[in-house]
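To start, the structure itself, in structure tokens.
The sequence lines fix the lettering, A, B, ..., with proteins before strands; numbering per chain opens at 1.
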Amino acid sequence: MIDLKVLREDPDTVRASQRARGEDPATVDTLLSADERRRSVISRADTLRSEQKQFGKQVGKARGEERDALLAKGKELAAGVKAAEAEQAEADQVLEDAHRALPNLVDPAAPVGGEDDFVVLEHVGTPRTFDFTPLDHLDLGVKLGILDMERGAKVSGSRFYFLTGVGAQLQLALLNMAAAQATAAGFTLMIPPVLVRPEIMAGTGFLGAHAGEIYRLRDDDLYLVGTSEVALAGYHADEILDLSAGPRRYAGWSSCFRREAGSYGKDTRGIIRVHQFDKIEMFSYCKPEDATAEHQRLLAWEKEMLAKIEVPYRVIDTATGDLGTSAARKFDCEAWVPTQEAYRELTSTSNCTTFQARRLSIRYRDDNGKPQVAATLNGTLATTRWIVAILENHQQADGSVTVPEALRPFLGLDTIRPAV
RNA sequence: GGAGGUGUGGCAGAGCGGCCGAAUGCAUCCGCCUUGAAAGCGGAAGACGGGCAACCGUCCGGGGGUUCAAAUCCCUCCACCUCCGCCA
């Protein structure tokens, strides 16, 4: 949720933000009028309640006839209060619905436009030229005996897979390397629940426009997380944090589940786009004034990880129309995938400013000891998809794959060779 | 799955349907005392909403109900604890 103070004082900024996202600016006016109505309804209900409260005290002291008369009057007041409270509850609900429906304010620095209007911030590394025809990651994975999509489909359906043998080890090595980097950088490593309550899922902003992406267990009223961001954001819900020593940083290791509704036919080969994968996710809680700097730090940690797997990549500043509901700004790192001759997203870091924290009631004490809404940010450190970039970029003419230097201690292999 | 119990402020822990935003202890902060500290004494101190403000309202796990009036009575949901059963 956005700050209602901003809305009241500067509705044009909010409207502009909506337009930049390609969404309806009229929702801003819906919210404004809901806010005004709620305030007037509240002040009326408060007055009536106050009267009734004062009056009720007299009843307790009165005796006999006088008491009976007071009781009758009391009933009248109670009816009035009840009606006013019902109106207040309704106005509250209308406001909350409108408030939750509005996505975060975009950062003015983010490029305005749709999916293709991103700005490339930098290129790191150069795509390699092959003196043989490179295989794609699925062919490589099958030849190496480390990836089995067919049986994945047999057991669970399309977009499911088995990582087998060295493939499973490779993923563990990658995630362990990420966990080690995060721990060394001061993150608290977390293994969170992957099933969460509706209010937590809603709090992170995933139940709005993209609700169809999420697995839901109706019998238990729980959701499978699409990223551990969800659980890590919920971790400090309804708390007042001490941020005086700087941001609180967590690294979540979890499986992630995505329905990939509406992506039929897209990336159907291999493990680029799957229903279940594993990820190490960075998550920061910080003061709002530190959020922009923290965002740069998260990006730097992502680049540090990417350097370790030695693949060429570019960093993009995502356009406003392609931001998630909660994000004010988002940087993606996209690795070069030789067989697609394209850059594909490996990491994504979002600055959610106070949007998620306001929904989840996550606060901190400012220098005056006053509770204030915190800011939250997240970013990817490693995922199953990284295996695609590692295999394709490091493949050799003989069908083997050279393991990047930094990964070797974690995998215990220099080279992944075809199973004999 | 069945039976029972518990849920109050940062923590512990009282609380008769009205005098309860809530005793008390610990912790915290500010004074006094002290060379300094501890102890002792005195005082302050919750969150949220509305209002320029004075101030008003809400909040005793969540939601609903009874009542003129609910932390207190009723229903329901959730969490935790104990016992039984089941599964591993």
Side-chain angles (χ1 to χ4, degrees), chain A residues 1-9 31-100 102 192-203 207 216-223 230-231 234-245 248 285 287-288 354-374:
Chain A
M1 292 183 278
I2 67 159
D3 187 349
L4 286 179
K5 271 203 207 90
V6 172
L7 176 83
R8 288 169 200 149
E9 288 162 13
L31 183 55
L32 264 176
S33 61
D35 178 46
E36 273 170 41
R37 165 147 184 268
R38 172 175 168 275
R39 285 191 285 165
S40 80
V41 166
I42 279 182
S43 92
R44 205 174 91 84
D46 277 358
T47 309
L48 289 175
R49 247 193 307 262
S50 181
E51 278 174 29
Q52 190 207 23
K53 235 174 139 172
Q54 293 310 316
F55 185 81
K57 293 197 173 149
Q58 298 173 33
V59 179
K61 294 179 199 128
R63 290 285 174 274
E65 263 178 53
E66 185 196 2
R67 186 184 165 88
D68 291 340
L70 288 175
L71 278 177
K73 171 80 173 161
K75 269 189 209 260
E76 255 175 65
L77 287 174
V81 167
K82 198 171 177 179
E85 284 185 340
E87 200 181 1
Q88 181 185 339
E90 193 259 339
D92 273 338
Q93 191 59 52
V94 169
L95 175 70
E96 191 178 328
D97 290 348
H99 199 180
R100 283 187 179 271
L102 197 72
V194 293
L195 286 168
V196 299
R197 300 170 176 282
E199 57 269 29
I200 299 296
M201 189 57 86
L207 283 188
R216 177 180 172 195
L217 281 75
R218 281 194 170 71
D219 287 346
D220 300 283
D221 205 15
L222 290 168
Y223 292 89
V230 176
Y235 188 68
H236 284 306
D238 298 317
E239 294 183 23
I240 299 176
L241 301 172
D242 182 1
L243 294 177
S244 56
R248 296 270 279 251
Y285 294 89
K287 300 178 185 177
T354 57
F355 184 84
Q356 285 180 333
R358 190 168 286 108
R359 293 175 158 225
L360 290 166
S361 186
I362 300 161
R363 293 170 291 166
Y364 71 98
R365 288 192 193 279
D366 66 18
D367 296 339
N368 301 316
K370 288 282 291 175
Q372 304 286 355
V373 180

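Remark: side-chain polar atoms of A:Arg248 are not paired, donor with acceptor, to backbone N or O of A:Tyr285 under 3.5 angstrom.
B:rA44 is paired with B:rU28 under the criterion used here, namely a Watson-Crick or G-U wobble arrangement in which both key atom distances are under 3.5 Å.
No contact: A:Glu76 has no heavy atom under 4.0 Å from any strand. Residue contacts shown for A:Arg8 are limited to sugar-phosphate atoms, with no base heavy atom under 4.0 Å away. Residue A:Leu77 is out of contact with every strand shown, counting any heavy-atom pair closer than 4.0 Å. Within 4.0 Å of A:Lys73, counting heavy atoms only, lies no atom of the nucleic acid at all.
Between B:rG49 and A:Arg39, no contact under 4.0 Å exists linking OP1 or OP2 to a side-chain N or O. One finds no side-chain N or O of A:Arg363 lying less than 4.0 angstrom from the OP1 or OP2 phosphate oxygen of B:rA47. Taking 4.0 angstrom as the limit, A:Arg365 places a side-chain polar atom (N or O) nearer than this to OP1 or OP2 of B:rA47. Put simply, A:Lys53 has a side-chain N or O that comes within less than 4.0 Å of OP1 or OP2 on B:rU58.
A:Phe55 places its CZ atom 11 Å from the P atom of B:rA69, with the value rounded to the nearest Å.
Each of A:Glu85 and A:Lys82 lies near RNA chain B, and the nucleotide nearest A:Glu85 is the one positioned closer to the 5' end.
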